[in-house]
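Below: one structure, written as structure tokens.
In what follows, chains are A, B, ... by sequence order, proteins preceding strands, each numbered from 1.
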Amino acid sequence: MTLDTVKHAEQTPEVEQPWKELGLKEDEYARVREILGRRPTGAELAMYSVMWSEHCSYKSSKVHLRQFGEKAPRSDAMLVGIGENAGVVDVGEGYAVTFKVESHNHPSYVEPYQGAATGVGGIVRDIIAMGARPVAVVDPLRMGAADHPDTKRVLPGVVAGIGGYGNSLGLPNIGGELVFDACYQGNPLVNAGAVGVMRHEDIHLAKASGAGNKVILYGARTGGDGIGGASILASETFDATKPSKRPAVQVGDPFQEKLLIECTLEAFAEKLVVGIQDLGAAGLSCATSELASNGSGGMRVELDDVPLRDSTLSPEEILMSESQERMCAVVEPDKVERFLAICEKWDVIATVIGEVTDGDRLEIFWHGEMIVDVDPRTVAHEGPVYERPYARPSWQDTLQADDAGRLPRPEGGDELREQVIEVLGSPNLASKAWVTDQYDRFVQGNTVLAQPEDSGMIRVSEESGLGVAIATDGNGRYAKLDPYTGAQLALAEAYRNVAAGGARPLAVSDCLNFGSPEDPDVMWQFVEAVRGLADGCQVLGTPVTGGNVSLYNQTGEAAIHPTPVVAVLGVIDDVARRTPIAFADEGHLLYLLGETREEFGGSAWSQVVHDHLGGLPPAVDLERERLLGEILISASRDGMVDAAHDLSDGGLIAAVTESCLRGGHGARLVVPDGLSAFTFLLSESAGRAIVAVPRSEELRFTDMCGARGLPATRIGVVDGEALEVQGEFTIPLDELRDIHESAIPGLLG
Amino acid sequence: MTARIGVVTFPGTLDDRDSQRAVRVAGAEAVPLWHRDKDLKQVDAVVLPGGFSYGDYLRAGAISRFSPVMESVIEQARAGMPVLGICNGFQVLTEAHLLPGAMLRNTALHFVCRDQRLRVESTATDWTADFTPGQEISVPLKNIDGRYTADERTLDELEAEGRVAFRYASGGPARDGYGNPNGSQRDIAGITNAAGNVVGLMPHPEHAVEPLIGTGRTDGLGLFTSVLKKLVSA
Amino acid sequence: MARVVVDVMLKPEILDPQGQAVQRALPRLGFDGISDVRQGKRFELEVDGPVDDAALARIRQMAETFLANTVIEDFSVKVES
Amino acid sequence: MARVVVDVMLKPEILDPQGQAVQRALPRLGFDGISDVRQGKRFELEVDGPVDDAALARIRQMAETFLANTVIEDFSVKVES
Ligand SMILES: Nc1ncnc2c1ncn2[C@@H]1O[C@H](COP(=O)(O)OP(=O)(O)O)[C@@H](O)[C@H]1O
Ligand SMILES: [Mg+2]
């Protein structure tokens with residue numbers, strides 16, 4: 001077979017090329033030919049096809065994601081915004097924090113352990129690529145029905161994979177979610193987030209500049225992993241009946257990645273790195289074209305120099321390989337030796353594979369012949385952009401009209417007690433300890449808060465106590481009822497969780513999990529959710545710094561619930577001031593902050609007791625969220641509250657239960673005037689939290705709420721060995737604990 | 001002059017910086033040691049920290065045990081220098097035959113992370129003198145290969161010679177950290193050599209040295225202050 | 001009673017970090033001349049009753065659906081003499 | 001080039017929870033008649049040069065000191081044909 005060189009391509013314009021198999025559309029292929037003024041070589045075709053896939057080019061979502069930039073609130077904290085591997089925010093004292101959430105949904109369904117493990121690996125490399133030391137991971141998960149047999153296959157594998165990889169890297173897992181819903185049966189969502197810390201001056205970007213600078217590939221050898229994966233994986237509906245379409249499964253090597261972290265940080269510390277990029281989806285195609293197009297010059301790469309695990313790989317395959325645990329650095333010539341020495345110290349294979357050139361072309365050679373000659377911008381940034389048609393689904397009105405407020409409610413204390421127990425023991429509200437006990441939350445010795453707290457919190461400075469907090473949230477049921485509001489509720493909840501711990505929310509990352517963008521209904525959900533999130537961030541003053549879009553999460557015609565997962569990052573001046581959720585002391589007074597309305601659309605109660613999804617989700621008032629946040633932060637800073645817990649799914653009763661169990665104390669609750677016990681306990685109105693106030697602080701605290709106009713209702717006291725709702729029912733703490741803790745182990749056995 | 005305590009970093013070690021912090025919190029000087037160097041930099045004691053050295057790919061601790069630094073550690077340990085192996089470090093010590101027995105996969109077959117209650121069984125070691133016999137402490141535990149195993153004769157010998165240093169405490173509910181988390185024989189969490197200078201344990205005392213952080217307790221500090229006292233008074 | 005052994009190895013094209021770690025360690029331990037190491041699993045099954053074709057077919061099916069993850073692993077079944 | 005296989009199994013007296021977990025799962029999956037399962041490791045070594053007695057002796061030593069932990073494991077070495 002003759003090598004398909006650039007020269008050869010020029011001479012043989014008529015050659016049939018497998019653009020379709022590689023996932024390109026006819027007009028996209030034509031566009032490639034137009035850009036090049038000839039047909040692409042096989043290697044060029046490989047590059048364009050992966051880089052122009054949905055996964056890499058965001059072709060369906062791009063036009064909408066722009067709002068995150070356009071509507072971004074002014075924020076002095078923002079150091080690096082959308083577009084880089086991850087956003088970076090200033091947290092004070094010269095420290096900067098980078099964080100991001102990504103999806104690894106399809107691979108985790110095919111091979112739960114490895115899919116989830118490599119998901120963690122990928123997001124952590126994004127963090128290192130910014131110049132930061134990774135300090136924590138989080139894992140928002142959505143699984144099929146808890147009692148479905150396939151959930152028993154997927155969930156334990158996913159959890160073991162996330163733990164197996166993250167634990168081996170020495171990254172504390174400080175948060176996440178686990179939600180079960182039948183809509184995720186064939187499309188579980190495995191999102192993974194990571195947080196990294198650096199000094200301002202250590203921020204690095206993915207760009208190759210300075211002619212003559214060397215391009216160094218380091219980390220694992222390149223094998224045949226996931227070849228074509230990027231395009232096939234993300235651009236077509238996963239169809240279990242056609243196993244040949246399954247992407248090759250990649251096996252993660254966390255040990256290699258740990259070495260990669262340490263050697264990269266050492267190279268940063270010695271200021272050896274001009275630009276850096278991790279290798280993720282689209283492997284070398286992505287790294288070389290992005291580095292080159294973001295820099296000032298061009299790049300020349302000798303593909304023969306790439307260390308291979310499988311010597312039979314073709315140049316196209318090398319360019320498309322998605323082998324894990326690799327990075328690409330741009331290094332000045334006189335620093336190359338030192339860079340390689342550091343890699344050697346850490347037993348990391350490192351090879352100079354090319355250099356930055358004066359020109360503006362990306363040129364790739366194989367056996368001395370040029371096989372790629374492209375303008376890197378056309379590969380990395382000028383992919384197709386779709387304005388996909390979208391329309392409010394015809395069924396949306398019917399769904400919203402099916403008001404959950406009309407569902408039969410419990411009559412009397414006994415029935416209310418039964419239903420409360422049913423809700424508390426449902427898999428979505430039960431303790432997630434079965435999962436989180438498989439994750440190391442202590443490593444690095446800086447964990448201040450971790451599961452089951454509202455947010456995870458990490459100390460950044462041992463000297464000052466400066467810390468950061470992160471929480472992720474997203475409720476697909478709310479978003480199904482109204483994607484605009486649903487996205488804002490996800491944002492509001494994560495924001496509230498961060499504030500409840502005492503940290504000031506600063507910035508947002510997101511992972512937008514949706515069905516097929518080719519379905520106008522789904523596209524509408526996506527458009528609405530993005531608009532909701534962008535508008536919400538504007539009001540809350542928390543810019544979106546980056547994120548990830550995962551489309552085609554559907555099985556046949558059935559899409560998952562629209563599931564925008566939102567991560568909010570916050571900062572706290574002194575972690576000694578953090579507020580935990582535990583009711584730790586008897587006699588503390590319980591206050592409910594915010595207003596409770598009759599809001600049951602999409603609620604846990606409507607799902608668990610009535611298997612119902614309809615009506616409208618709870619209303620959002622972001623100004624109110626902001627005020628609530630300010631109160632929670634002030635109360636934490638000034639030591640006015642001893643515990644705080646946000647209210648979300650399951651309503652007040654779920655939050656009180658968690659705080660009681662965590663603290664080992666019961667509580668006596670009184671139903672406030674004007675509310676039914678049912679609404680008081682189970683409504684899911686947003687913008688609420690409960691706090692435990694020491695008696696000595698009561699006046700100061702209520703004065704503050706009064707002065708700022710935040711409704712604060714005294715609803716009870718921390719007391720005894722049971723949870724008592726006066727005049728309604730009592731549940732002993734032991735029984736409550738049993739309900740809470742045995743549900744998930746019972747399901748997974 | 002305070003004591004100098006070395007902390008070894010193998011490829012894949014995770015808790016080296018935490019162990020250094022614990023050493024400092026206890027009031028000693030922490031000296032980083034590198035697996036490829038035989039040179040122990042004249043430290044007075046050595047900590048082999050936790051992690052997944054070499055990925056634990058063959059067996060936990062199996063590859064690290066052959067590193068150059070271990071040649072010196074083995075030699076010095078035999079000569080009486082205090083050595084503490086935590087988790088992966090404990091595994092390295094058993095692989096190096098400085099401590100008897102071996103570690104197997106947890107009976108639950110998965111990683112276990114929890115706040116663990118321990119009973120201090122022996123205070124006659126360089127690393128436990130600051131505790132009182134029978135004292136109960138609580139420190140984080142996190143491992144997947146933590147099931148301590150040895151043959152019956154070895155176990156009997158350990159018991160008879162008072163060389164079980166820490167045991168998983170019973171007497172309370174699992175959620176409060178009681179009970180054997182991994183199927184270790186005779187609830188053994190940590191042991192010592194006959195001379196009392198080499199101690200290995202699976203739980204992580206270095207994660208329990210500061211209020212607020214981790215479990216918020218400082219029960220682990222005693223190991224580090226114990227050795228410091230011995231070194232300073234020596 | 002007879003013993004049937006099922007060997008499960010990662011497919012050749014799949015990365016084997018465990019085997020690699022062993023291989024890289026060997027020269028340091030003074031063992032040269034090993035150009036590749038792959039690490040897999042070995043299951044020893046004690047079978048009640050005769051190991052006839054039907055039993056072997058069942059074990060093969062067990063290996064395929066349960067002992068091996070055929071997305072990434074190959075297996076082989078043999079009767080131990 | 002020749003292949004040498006080293007099998008490493010837990011000693012019979014050592015509890016093997018992995019093997020047990022497999023065995024317990026089998027009846028649920030519809031596989032009966034397996035009275036015991038043990039799970040161990042299999043190493044496939046590609047040896048440069050001839051696998052003569054000297055080479056085998058070296059590999060046996062490698063297994064004894066490194067591939068197996070003889071406190072808990074037994075091993076066997078065989079040349080693959
Ligand atoms: N998959 C997971 N990984 C890590 N932490 C998790 C995971 N699932 C739940 N958690 C943690 O468990 C706690 C309770 O979860 P959840 O009920 O979803 O909280 P909330 O409703 O406040 O968002 C939180 O601390 C959350 O971070
Ligand atoms: Mg929460």
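Using a 4.5 Å cut-off between heavy atoms, Gln23(D) does not touch chain C at all. Heavy atoms closer than 4.5 Å to chain C are found in the side chain of Leu29(D), but not in its backbone. Contact annotation for Phe43(C): both backbone and side-chain heavy atoms come within less than 4.5 Å of a heavy atom of chain D. Using a 4.5 Å cut-off between heavy atoms, Ala55(C) does not touch chain D at all.
For Asp52(D), the CG atom is densely surrounded, since the number of other residues' heavy atoms within 6.0 Å is greater than 12.
In terms of heavy-atom pairs under 4.5 Å with chain D, the best-connected choice from Asp7(C), Val37(C), Val47(C), Val6(C) is Asp7(C).
Side-chain N or O atoms of Arg38(D) include none that pairs as donor or acceptor with a backbone N or O of Glu46(C) at under 3.5 Å.
Across every non-hydrogen atom of Asp32(D) and Arg58(C), the tightest pair is O-NH2, 2.7 Å. Contact between Asp48(D) and Ile34(C) at its shortest, heavy atoms only, is OD2-N, 4.4 Å.
The side-chain heavy atoms of Thr65(D) and Phe31(C), taken from C-beta on, include a pair separated by under 4.5 Å.
Note: Leu26(C) CG to Ile59(D) CD1 = 9.5 Å, rounded to the nearest 0.5 Å.
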